[in-house]
Enquirer: 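Structure in C-alpha cells, see below.
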Amino acid sequence: MNKILEGLNGPQKEAVVTTEGPVLILAGAGSGKTKALTHRIAYIIDQKLAMPWNILAITFTNKAAGEMRDRVDVLTGENGQDVWVSTFHSMCAKILRRNAEKLGFTSSFSIYDTDEQKTLIKQVVASLELDKKNYPEKSMLSVISSAKNAMQTPDLFEKENMGDYRMQKVSDIYRAYQEQLQKNNAMDFDDLLLKTVELFEYNEDVLSYYQDRFRYIHVDEYQDTNAVQFRLVSLLAKKHRNLCVVGDDDQSIYKFRGADIRNILDFEKTFPDTVVIKLEQNYRSTKNILSVANEVIRNNQGRKEKTLWTKNGEGPQVEFYEYESAYDEADGVIRDIIQNREKFPYGSCAVLYRTNAQSRIFEEKCVAYNVPYRMVGGVNFYQRKEIKDLISYLKTIENGRDDLAVLRIINVPRRGIGNVTLARLESIAAEAGMTLYDVIREEELLSGIGRAAGKIADFGRQLAGFREAAAGITVKDLLEKVLDETGYKAELIAEDTVESKARLENIEELISKAAEFGDEPDDQEALSRFLEEVALVADVDSLNSDEDRVVLMTLHAAKGLEFPKVYMAGMEEGLFPGRMAAFSGEDEIEEERRLCYVGMTRAKEFLALTAAHSRMINGETTFPKTSRFVNEIPSNMLRKKIRTAAAKSMKQAAYKDVDSINGSYRPKARILGTNASANYRVGKDFTTERADSLDYAVGDRVRHIKFGEGTVEKIEEGKKDFEVTVRFDRVGVKNLFASFAKLKKV
DNA sequence: CGCGAGGATATTTTT
DNA sequence: TATCCTCGCG
C-alpha cells in the first residue's frame, strides 16, 4: 500500500484518495483535518494526477498557511515546492498584481488596512459635508464591508435601500469611498477578493488560465467563507470541478465578519455529486472533555449531524469554579496554574476569555505572581505608529498615487507643514486633477501656497531622491536611507525616552524583516513583495509554542490551537453568551455556543470553566448568572468548586499567598504598588520578554550599557514589565523598562 | 501645532 | 472603569 496512506484512519484515507469531483470533508475538532489535507496533496502529486503547481490550498490565516506549507514540504520534499499554499487574500493580491491594468489599477496598488480605511471614510464623510456623528467611520466600514461581502456594488446597494434617507447617504459614502480607493490606486481587504471575482467574471481568458492552472483546489476552514470567497472558489473550480473543502459547521464563529455558514451547510446542494466524508475521531482531547463539549453543542439546531468520539482516556473531570469576583477568578486561575506547574508547565496552559477587556486582570495577576505569560491579540506590530510611518514612505515610493501615504508622512518628522498648507495643497491637487505627489513635484503649482512652498518642494525633492534610489538598492538600504535622510531616526534618538527607545527597537525589527526581501540591489519587485507581506502577513509575534509561558487570549484567537490545559474564564450570562447575543436572538446564541465549543475542544487533558458572582462591566458592577452553557452540561459531568473570598485584599495578600504556595516564587524585586495606568502602550508590548525576575533591588548599584553606573531608586510593576528608576552617576535619573535596559548588577 | 481636559463610548476581528 | 477622540487653549 501507498506510504502516504500509512497512519491514516479509514475516513482520512477516503478523504485522501477521493481526488476527483467535489468533496466535503466534515472534520470535527482535533480530527486530523490538516493531516488529511496535506496527505491528499501529497497523494495527488505521488499518483501524478497533476503537477504540483496545479494544486491550490487556501487557508484563512498565515499561520495556517505556514503550517500547511511545512507539512506539505515534509511529505513531498522538493516536489511540493510549487504547490500554491496561500491565504485567500494573498492569493488574490498575487493574481491582481498581474492583472491590475484590466481593472484600472497599476500593479503597484496599495493595500489599505483598517486604519487607512477609517482615514479614508473620515475624508469622504467630511467631503460630502455629512455629520460624522451620524455616520461614524466604524459603522460605515462595517456596512460597506457587509455590502462587499454580499457582492453589492454602490449602485446595487443604493437600489436595495431605496426610500431610506440615511441609507442613501451611506451609499453615497460607499460610492465616494470606492472612488477614493481607485484614485489612490489602493484596495482594501475586501476589495482584494471582490476585484478578483470581478476580474474573473469580465475576463474569460484570465479565468480560464487560472482554472487550468488550479486543477485541484482545497479550502480549509470552509465554514468561515463568505459569499465572495464562495464565488471565487466556485469560479476557479468550475472547469475541473476538483474542489475539496474542509470544515466544521460547529466551529463557525465569524458570522459577524460576513462568514456564511450556509456555504458549508448547503455545499451538497450546490454541488449535487459531492462526496461527503466525516472525520469524527478526535485525537486531541480526553473523553471527559469531549463529552462536555458535545453536551453543549448538541443544543444547536440546524447543524450537520455528527458526534465526535475518541479512543483517548477518560482524563480528569472537567471542573467548574465559581468565584466571588472577577479578581478572585483571575487570582484563583493563576494560582491554580502555579500550584500545578509540575504537571502542567506554564507553556501548556491557556486562559481563554470572551472579550479582550478580561485580559487585563489576568495579565496583572501574572505580573504580580511573576508567572511568565504571553498575550495574543491587541496591537499588531505593523499598526504601530513608527512602523506605519515608515511603511507610508515606502508606499509613497512604490505607489505614487497613494495620497493617503503622502498625507501621513508629509509632516513626519516635523517639517513645519501645517493644516492650512495641507488644505491648500489638496485643493490644488483636486483642481488640477493630480496626485499629491505630482503637485509636490511641480514647483510652479506651489506658488500660491506661500511660505511653506519651499518646505514642500524640499520634501518633494527628498521623495524623488528616494524613488530614484529605490531602483538600485535593496529594501533594507532604502529603509535605512529614509531613516537617515528624513531625520526620523535622529529625532527618536534625540528624544531618548523609554518610549522612543522602544520605537527604535521596533524599527530595527522592521529593518531585519526588510533584509529578508532580497539582497539583489536591482531586484525591482522586492519592494512590492515587502509591502504586500507587510500588509497581509502581519503576524510577527505569532505564538511560539516552545516558550514556557501561559497564553492569554480570546476564544476567537484560540481557534486552530490546542493546549494540554485550558481555562475558560467568565462563564456568565451577559458576558458569554454576551449581552448583545442574548438580545438578538437564537442565531446569535448559537454562534456563541459554537464559540464555547471551540474553546472547550482546544483542551487536550484538562479543562476548567470559571465564573464570577460579580463583575465590573463598562464601569458598572453586575451580578451575572452562571452561563447557560455551563447549565447545559449535566451536573454529573462537572466537578463544581466554589471558591469564595479567596483574595479579599488582593494587592497585599498576593505576596503572602505566593509565599505560602512556594517561597521561591516570591518576586525578587519587590513591587511597590500597582501603577497600571503609568504604562507606555508603545513599544514591543508583548513581543518583549518581560523580565521574569530582576537580579537587583532598590539600592543596588547597576550598570547600563550606555548610561554607565548608577543606583536603583525605585522599581515599579508595569503592565508588561518592570519599570526601573535609576540615578546614574553621569546622566542623572532615568526611567527605564527592565527588559530593554538590560541592567547588570555590579 | 501640540497638549490636556472632558465627553462619548464600550463584543468577537483570520486578512 | 478605561480608553479613545475631539475640541479648545497656550
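What you see is a predicted model, and the numbers here were worked out from it, not measured in a lab. Each chain gets a letter, A, B and so on, in the order the sequences are listed, and its residues count up from 1. For the numbers below, each heavy atom of this structure counts, side chains included, while hydrogens, waters and symmetry mates do not.
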Enquirer: Under the side chain to side chain donor-acceptor pair (under 3.5 Å) criterion, do A:Q117 and A:Y177 qualify, and how do the steps go?
Expert: CA-CA 9 Å; A:Q117 289 180 284; A:Y177 169 78; 3.1 Å; yes

Enquirer: When the C1' atoms of B:dT12 and C:dC5 are considered, how many whole Å apart are they?
Expert: 23 Å

Enquirer: When you measure from the side chain of A:F256, which nucleotide among B:dT15, B:dT12, B:dT11 comes out closest?
Expert: B:dT12

Enquirer: Check every strand shown and say whether A:G578 touches a base, only sugar-phosphate, or nothing at a heavy-atom separation below 4.0 Å.
Expert: nothing

Enquirer: Across the strands shown, which category fits A:Y254 at heavy-atom distances under 4.0 angstrom: base, sugar-phosphate, nothing?
Expert: base

Enquirer: Of the nucleotides B:dT11, B:dT15, B:dG2, which one has an atom closest to the side chain of A:T355?
Expert: B:dT11

Enquirer: Contact class for A:R354 vs. all strands (heavy atom < 4.0 Å): base, sugar-phosphate, or nothing?
Expert: base

Enquirer: Please evaluate the base of B:dT11 for a donor-acceptor partner in the side chain of A:R579 within a cut-off of under 3.5 Å?
Expert: no

Enquirer: Quick one, which residues of residues 224-234 of chain A touch DNA chain B with a heavy atom under 4.0 Å?
Expert: A:D224

Enquirer: Let me confirm one number: the CZ-CD distance from A:F109 to A:E398, rounded to the nearest 0.5 Å.
Expert: 10.5 Å

Enquirer: Take the protein atom CZ of A:R615 and the nucleotide atom P of B:dT11, then report the distance between them rounded to whole Å.
Expert: 14 Å

Enquirer: For a quick test of reading the model, state the closest non-hydrogen atom pair linking A:D113 to A:F189 and the distance between them.
Expert: CA-CE1, 4.0 Å

Enquirer: Nearest-Å distance, NZ (A:K132) to P (C:dC4)?
Expert: 19 Å

Enquirer: Hey, is A:F60 stacking on B:dT15? Ring centres under 5.5 Å, planes under 30°.
Expert: no

Enquirer: Under 6.0 Å between the ring centres of A:F267 and A:Y222?
Expert: yes

Enquirer: Does a donor on one side chain and an acceptor on the other come within less than 3.5 Å for A:S627 and A:E572?
Expert: no

Enquirer: Taking atom P of B:dT12 as reference, at what distance in whole Å does atom CG of A:L595 sit?
Expert: 11 Å

Enquirer: Would you say C:dT1 has OP1 or OP2 under 4.0 Å from some side-chain N or O of A:R360?
Expert: no

Enquirer: Name the nucleic acid region contacted by A:I417, choosing base, sugar-phosphate or nothing; use a 4.0 angstrom heavy-atom cut-off, strictly under.
Expert: sugar-phosphate

Enquirer: From CE of A:M553 over to P of B:dT11, roughly how many Å is that when rounded to an integer?
Expert: 20 Å

Enquirer: I'd like to know if the side chain of A:S90 pairs up with that of A:T87 as donor and acceptor (distance under 3.5 Å, no hydrogens or angles considered).
Expert: yes

Enquirer: Which residue lies toward the 5' end of DNA chain B, A:T87 or A:S584, if each is placed at its nearest nucleotide?
Expert: A:S584

Enquirer: Looking for any heavy atom pair under 4.0 Å, which part of the strands does A:D113 touch: base, sugar-phosphate only, or nothing?
Expert: nothing

Enquirer: Is the backbone of A:E562 close enough, under 3.5 Å, to the side chain of A:R602 for a donor and an acceptor to pair up by distance?
Expert: no

Enquirer: What pairs with A:S31 under side-chain contact (heavy atoms from CB on, under 4.5 Å), at least two apart in sequence or on another chain?
Expert: A:A27, A:L279

Enquirer: Identify whether any heavy atom of A:E592 sits under 4.0 Å from a base atom; if not, whether one sits that close to sugar-phosphate; answer base, sugar-phosphate or nothing.
Expert: base

Enquirer: Take the protein atom OH of A:Y353 and the nucleotide atom P of B:dT12, then report the distance between them rounded to whole Å.
Expert: 10 Å

Enquirer: Write down the distance between NZ (A:K138) and P (C:dC4), rounded to a whole number of angstrom.
Expert: 11 Å

Enquirer: Round to the nearest Å and state the distance from A:R414 atom CZ to B:dC1 atom C1'.
Expert: 8 Å

Enquirer: Report yes if at least one side-chain N or O of A:N618 is closer than 4.0 Å to OP1 or OP2 of C:dA2; otherwise report no.
Expert: no

Enquirer: At less than 4.0 Å, is any side-chain N or O atom of A:T554 found next to OP1 or OP2 of B:dT13? Yes or no.
Expert: yes

Enquirer: Is the base of B:dT12 syn or anti, where syn means the angle lies within 90° of 0?
Expert: anti

Enquirer: Does A:N411 place a side-chain N or O at less than 4.0 Å from the phosphate oxygens OP1/OP2 of B:dC1?
Expert: yes

Enquirer: When the distance from CG of A:D115 to P of B:dT15 is rounded to whole Å, what number comes out?
Expert: 15 Å

Enquirer: Classify the nucleic acid contact of A:M616 as base, sugar-phosphate or nothing, counting any heavy atom under 4.0 Å across all strands shown.
Expert: sugar-phosphate

Enquirer: Please report the interatomic distance OG(A:S252) to CG(A:D260), rounded to the nearest 0.5 Å.
Expert: 8.5 Å

